[in-house]
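One structure is given below, encoded as structure tokens.
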Amino acid sequence: VQLQASGGGLVQAGGPLRLSCAASGGTFSNYAMGWFRQPPGKEREFVSSITRSGGSTLYADSVKGRFTISRDNAKNTVYLQMNSLKPEDTAVYYCAADYIRGGTGWEPKYWGQGTQVTVSS
């Protein structure tokens with residue numbers, strides 16, 4: 001499966017931004033999907049994940065209550081709605097996929113290219 005993330009940009013602190021990740025080359029509903037991010041100078045970290053049906057979601061503590069992951073299996077797309085953004089959310093955001101969803105230490109098999117999110121204070 002190939003993944004293409006989009007929607008990154010520059011936003012002021014407190015503002016919203018929505019990321020999208022379009023999948024192709026596979027049966028989208030067969031994959032659990034996730035979002036990860038890599039802040040400048042830091043390791044990549046888990047942000048959120050969603051099961052194949054969309055019935056279960058998981059969030060990192062740092063984004064819980066502010067970010068919402070969702071998916072549209074008819075459009076082969078997963079979304080990350082980010083609200084109340086903070087400067088510390090600045091990072092390259094990656095979408096990822098695998099057949100089985102793991103926990104916060106999940107290391108998916110398939111990765112898209114990143115999209116930059118910059119939050120100004």
Side-chain angles (χ1 to χ4, degrees):
V1 62
Q2 291 79 48
L3 305 173
Q4 180 77 35
S6 61
L10 174 64
V11 62
Q12 287 191 331
L17 199 63
R18 189 176 82 156
L19 304 182
S20 300
C21 176
S24 61
T27 302
F28 183 66
S29 59
N30 284 348
Y31 298 95
M33 301 296 298
W35 288 97
F36 293 74
R37 67 186 182 186
Q38 186 165 17
K42 296 184 179 181
E43 298 286 319
R44 188 164 57 192
E45 61 187 26
F46 171 83
V47 174
S48 182
S49 65
I50 189 167
T51 52
R52 289 176 286 183
S53 67
S56 177
T57 58
L58 186 65
Y59 297 94
D61 288 343
S62 58
V63 307
K64 203 172 293 183
R66 300 188 297 121
F67 290 11
T68 302
I69 190 171
S70 62
R71 66 188 295 161
D72 186 335
N73 285 350
K75 295 183 178 180
N76 294 348
T77 302
V78 63
Y79 306 98
L80 186 68
Q81 178 67 45
M82 304 185 292
N83 296 329
S84 302
L85 280 161
K86 304 175 181 180
E88 51 264 44
D89 294 318
T90 294
V92 178
Y93 283 72
Y94 298 88
C95 63
D98 208 334
Y99 294 107
I100 301 294
R101 187 188 72 170
T104 57
W106 187 32
E107 295 186 2
K109 182 176 182 180
Y110 303 101
W111 292 85
Q113 93 298 348
T115 185
Q116 176 71 47
V117 172
T118 303
V119 184
S120 63
S121 56

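Treat the numbers as computed from the prediction; the structure is a model and nothing was measured.
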Determine yes or no for a side-chain-to-main-chain donor-acceptor pair under 3.5 angstrom, with Q113 supplying the side chain and A5 the backbone. yes

Do D61 and K64 sit within salt-bridge range, that is, some charged N less than 4.0 Å from a carboxylate O? yes

Approximate separation, where rounding is to 0.5 Å, of R101 CZ and I50 CD1: 8.5 Å

Shortest non-hydrogen separation from G8 to T115 and the atoms involved: N-OG1, 3.1 Å

How close do F67 and V47 get, heavy atom to heavy atom, and via which atoms? CD2-CG1, 3.8 Å

Can you check whether S62 reaches E88 side chain to side chain, under 4.5 Å on heavy atoms? no

In terms of heavy-atom contacts, I69 and G34 come closest through CD1-CA, 4.5 Å

Residue pair Q81 / P16, side-chain heavy-atom distance below 4.5 Å: yes

Does a side-chain heavy-atom distance below 4.5 Å link Q12 with S120? yes

Provide the closest heavy-atom pair for W35 versus V78 in the form atom of the first, atom of the second, distance. CZ2-O, 3.8 Å

Quick one: which residue pairs count as a side chain to side chain donor-acceptor pair (under 3.5 Å) with a foot in residues 70-80, not counting sequence neighbours? R71-N73

Does the side chain of T90 reach to within under 4.5 Å of the side chain of Q116, using non-hydrogen atoms? yes

Nearest 0.5 Å, what's the OG-CD distance between S20 and Q4? 11.0 Å

Please give me the minimum heavy-atom distance between C21 and M33, naming the atom from each residue. SG-CE, 4.4 Å

Is there a side-chain contact between E45 and P39, using heavy atoms and a 4.5 Å cut-off? yes

Is any side-chain heavy atom of D89 closer than 4.5 Å to a side-chain heavy atom of M82? no

Grab the two heavy atoms, one from V1 and one from A97, that are nearest each other, plus how far apart they are. CG1-CB, 4.4 Å

Could you list the cluster mates of V92? Members are the ILVMFWY residues connected by side-chain heavy atoms closer than 4.5 Å, either directly or through other members. F36, F46, L58, Y94, W106, W111

Can you find a heavy atom in the side chain of L80 that is under 4.5 Å from one in the side chain of R37? no

For the residue pair Y59 and R66, establish whether any side-chain heavy-atom pair is separated by less than 4.5 Å. no

